[in-house]
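Some notes on the structure that comes next.
These numbers were taken from a predicted model, which means no experiment stands behind them.
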Amino acid sequence: MSKEITSRSEDYSQWYNDLVLKSGLADYSAVRGCMVIKPYGYAIWENMRDVLDKMFKDTGHVNAYFPIFIPKSLFEAEEKNAEGFAKECAVVTHYRLKTDPDNPGKLMVDPEAKLEEELVVRPTSEAIIWNTYKGWIQSYRDLPILVNQWANVVRWEMRTRLFLRTAEFLWQEGHTAHATKEEAITETEQMLEVYARFAEEWMALPVVKGIKTANERFAGADETYCIEALMQDGKALQAGTSHFLGQNFAKAFDVTYVNRENKPEYVWATSWGVSTRLMGALVMAHSDDDGLILPPKLAPIQVVLVPIYKGPESKPLIDSKAQEIVSALKAAGVKVKFDDSDNSRPGWKFAEYEMKGVPVRVALGLRDIEQGVAEVARRDTKEKQTMPLEGLSEKLIALLEEIQQNIYLKALQFRNDQITAVDDWAQFQQVLDEKAGFVSAHWDGTPETEEKIKELTKATIRCIPLNNTQEAGKCVYSGNPSSQRVLFARAY
RNA sequence: CGGGAGGUAGUUCAGCUCGGUAGAAUACUUGGUUUGGGACCAAGGGGUCGCAGGUUCGAAUCCUGUCCUCCCGACCA
């Protein structure tokens, strides 16, 4: 059939592309580097968004929306931030088209309609937001400001991959303003914790919480916190970041407040974000050669019910029994689909829903009904079992929870097996080439060594884990003294 | 942005070397038989050959340009 997926062992990249395209998550578009997120993929993103949005609100944040266009003069105000993004900015220079006199029926950019000041299409919104915050903040009584926005951003990437790196992507960006450094740092850490909890409890994706080195830090931040996940091919993926921005943006945009002593102070800032890249992480973390494996808590369809008809007279009986099951599951809040479509047979449906990663499939035929049972298949292990119809919905709900737990534990074990402590340079390279995953090694703390290691092995320091054990050692590359191990990996 | 590969029916692809007016499988539509792991029979519809130029009596095929995708590299919070 045309739905064949390239196996992971044959070509991991192709496997990923096949999965995304053939399970109906996304499509390529007519625009370079930009994808169409299809309804099935968008449904997963909506689930992620809804959960995160609630978590943000539970921690005191509110949503707002800022413009997609940022005047160049605002964008360049915070120099490091501007420089960091300059190479990948889309820029609007004109505001009008006109018919092309030399090419009937075609349009051209109207040279008369040049903007006085170019508009940068936001690669991130710190500039426009801090320019706005200046007007919102006068006194310590105006702080903190805890705002999040759900938006699209554009980063003109040279090489794109579905979900993992696209020119346009969807994300949320939180931007907070605080009176004190301590409060801002607490906020940064709190949001990292939110991301980690979301990844582990909802995506079933174990992550390492850590701090980025200066080289890997967000442009304009004093400190970047991150959650790092490991994909099945042993490459690391940065799944979310939370930045302590210090007073950099407050100074660039002159945002001050007066404290209780009526003295002006610069405001402290944070920003934090996760994007549709999480979709890529979700796909790569759990899925297999037969298709997606989705964690039940984020799956658009948690249970699919496939009827097995036998002769036209069986349909009413099977349908009515199926409806009972559907009603019970729906009443319990389970997202269930009853696929009674007649244009494909059961075997085809089985394969299709496996491809789409639906966690649980229930098959129901005359034989089952006679015996008062149904055939239940779980996607994560491919195991089938027979369950009594009596109390079926409770059993299915328990099974969904078990699947959620199982794929997390499986990913956790894989991740833990893929952290290798290494103490000499030859072994460092060998582990990267032959085993991949995270390499835990001593580093002398200098950007030069980090750069050199990247140049030689393509591995970067993914993070310095939070609450890292302090132990004396020697840098795996330079041999200089080091006080702790850091995690290296080749990354997406 | 450099190197390589590709773009022909909804999809996967053949046809291109050697120019002669478009083909398979599958999907789709209709009717029928079916249904416990990707059903079968019969009939039917569907493509400005990525786009734009050029060569030619004639271009999917040859030439030029351009857009999109994949792989590798450089780049990337």
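- Taking atom C1' on both A74(B) and C67(B), the two are 23 Å apart, rounded to the nearest angstrom.
- Straight-line distance between the C1' atoms of U34(B) and A42(B): roughly 15 Å, to the nearest whole Å.
- Regarding Arg361(A), its CZ atom lies at a distance of 10 Å from the P atom of G37(B), rounded to whole Å.
- When each of C71(B), C76(B), G37(B) is scored by its nearest atom to the side-chain atoms of Asn17(A), the top-ranked nucleotide is C71(B).
- Near RNA chain B, defined here as any heavy-atom distance below 4.0 Å, the residues from residues 30-39 of chain A are Ala30(A), Val31(A), Arg32(A), Gly33(A), listed numerically.
- Taking the side chain to side chain contact (heavy atoms under 4.5 Å, CB included) definition, one finds that Ala64(A) meets it with Phe66(A), Val147(A), sequence neighbours left out.
- Which of G37(B), G38(B), A74(B) sits closest to the side chain of Glu352(A) comes down to G38(B).
- To the nearest whole angstrom, the two P atoms, one in U8(B) and one in U61(B), are 14 Å apart.
- Taking only side-chain atoms of Ser13(A), from C-beta outward, the nucleotide of C72(B), G38(B), C76(B) with the closest atom is C72(B).
- Between Phe56(A) and Trp272(A), the ring center distance clears the sub-6.0 Å criterion.
- Separation of the P atoms belonging to A43(B) and A5(B) is 43 Å when rounded to the nearest angstrom.
- Under the Watson-Crick or G-U wobble criterion, with both distances below 3.5 Å, G44(B) is paired with C28(B).
- Across the strands present, U17(B) finds no partner; the criterion is a Watson-Crick or G-U wobble pair with both atom distances under 3.5 angstrom.
- If you check U61(B) for Watson-Crick or wobble pairing at under 3.5 angstrom, you find it has no partner at all.
- Comment: Lys452(A) engages Glu455(A) in a salt bridge, judged by a side-chain N to carboxylate O separation of less than 4.0 angstrom.
- C71(B) atom P lies 10 Å from atom OH of Tyr492(A), rounded to whole Å.
- Under the Watson-Crick or G-U wobble criterion, with both distances below 3.5 Å, C75(B) is left unpaired in every strand shown.
- Donor-acceptor pairing under 3.5 Å, judged by distance alone, is present between the side chain of Arg165(A) and the base of C76(B).
- By the side chain to side chain contact (heavy atoms under 4.5 Å, CB included) test, Thr160(A) pairs with Glu157(A), sequence neighbours left out.
- Spacing of C1' atoms, G44(B) relative to A9(B), comes out at 15 Å, to the nearest Å.
- Checking Lys87(A) against Ser29(A), the closest nucleotide of RNA chain B that is more toward the 5' end is the one next to Ser29(A).
- For Lys38(A), the salt bridge (charged side-chain N to carboxylate O under 4.0 Å, His left out) partners at least two apart in sequence or on another chain are Asp27(A).
- Between Arg490(A) and Asp433(A), at least one side-chain nitrogen of the basic residue sits less than 4.0 Å from a carboxylate oxygen of the acidic one, meeting the salt-bridge criterion.
- Base pairing of U33(B): its partner is A39(B), meeting the Watson-Crick or G-U wobble criterion (both donor-acceptor distances under 3.5 Å).
- For Arg277(A), the salt bridge (charged side-chain N to carboxylate O under 4.0 Å, His left out) test picks out no residue, with sequence neighbours left out.
- A donor and an acceptor atom sit less than 3.5 Å apart, one in the side chain of Glu354(A) and one in the base of G37(B).
- Taking the P atom of each, C75(B) and G54(B) are spaced 42 Å apart, rounded to whole Å.
- Residue Lys458(A) has a polar side-chain atom (N or O) positioned under 4.0 Å from OP1 or OP2 of G73(B).
- By the side chain to side chain contact (heavy atoms under 4.5 Å, CB included) test, Lys315(A) is found to be paired with Tyr309(A), Asp319(A), Asp340(A), residues two or more places apart in sequence or in another chain being considered.
- Checked against side-chain hydrogen bond (donor to acceptor under 3.5 Å, both in side chains), Tyr133(A) has no partners two or more places apart in sequence or in another chain.
- For the pair Tyr16(A) OH and C71(B) C1', the computed distance is 16 Å after rounding to whole Å.
- Comparing G38(B) with U11(B), their P atoms are spaced 26 Å from each other, to the whole Å.
- With hydrogens and angles ignored, a donor-acceptor pair under 3.5 angstrom links the side chain of Lys384(A) to the base of G37(B).
- Atom P of nucleotide C76(B) and atom CH2 of Trp156(A) are separated by 19 Å, given to the nearest angstrom.
- For the pair Met158(A) CE and C70(B) P, the interatomic distance rounds to 15 Å; values are reported in whole Å.
- U56(B): no Watson-Crick or G-U partner with both key distances under 3.5 Å is found in any strand.
- Taking atom C1' on both C1(B) and U64(B), the two are 22 Å apart, rounded to the nearest angstrom.
- Sorted by residue number, the list of members of residues 268-285 of chain A with any non-hydrogen atom under 4.0 Å from RNA chain B is empty.
- A salt bridge links Asp288(A) with Arg379(A): the distance from a Lys NZ or Arg NE/NH1/NH2 to an Asp or Glu carboxylate oxygen falls below 4.0 Å.
- Remark: C1' of G7(B) and CG of Leu21(A) are 15 Å apart, rounded to the nearest angstrom.
- Shown here are the salt bridge (charged side-chain N to carboxylate O under 4.0 Å, His left out) partners of Glu324(A), two or more places apart in sequence or in another chain: Lys321(A).
- Remark: Tyr28(A) is in phosphate contact with C70(B), judged by side-chain N or O atoms under 4.0 Å from OP1 or OP2.
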>> Between Leu399(A) and Met387(A), is the side chain to side chain contact (heavy atoms under 4.5 Å, CB included) condition met? List the steps.
In response: CA-CA 11 Å; Leu399(A) 180 60; Met387(A) 287 187 180; 4.3 Å; yes
>> Each nucleotide in nucleotides 29-36 of chain B should get exactly one letter: B, S or -. Can you fill that in based on protein heavy atoms under 4.0 Å?
In response: -----BBB
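- With sequence neighbours left out, the salt bridge (charged side-chain N to carboxylate O under 4.0 Å, His left out) criterion links Asp290(A) to Lys382(A).
- In this structure, CG of Asp27(A) is placed 15 Å from C1' of G7(B), rounded to the nearest angstrom.
- The side chain to side chain contact (heavy atoms under 4.5 Å, CB included) test applied to Glu216(A) returns Lys212(A), Thr213(A), Glu450(A), Thr460(A), Arg462(A), not counting sequence neighbours.
- For the pair Leu162(A) CG and C70(B) P, the computed distance is 6 Å after rounding to whole Å.
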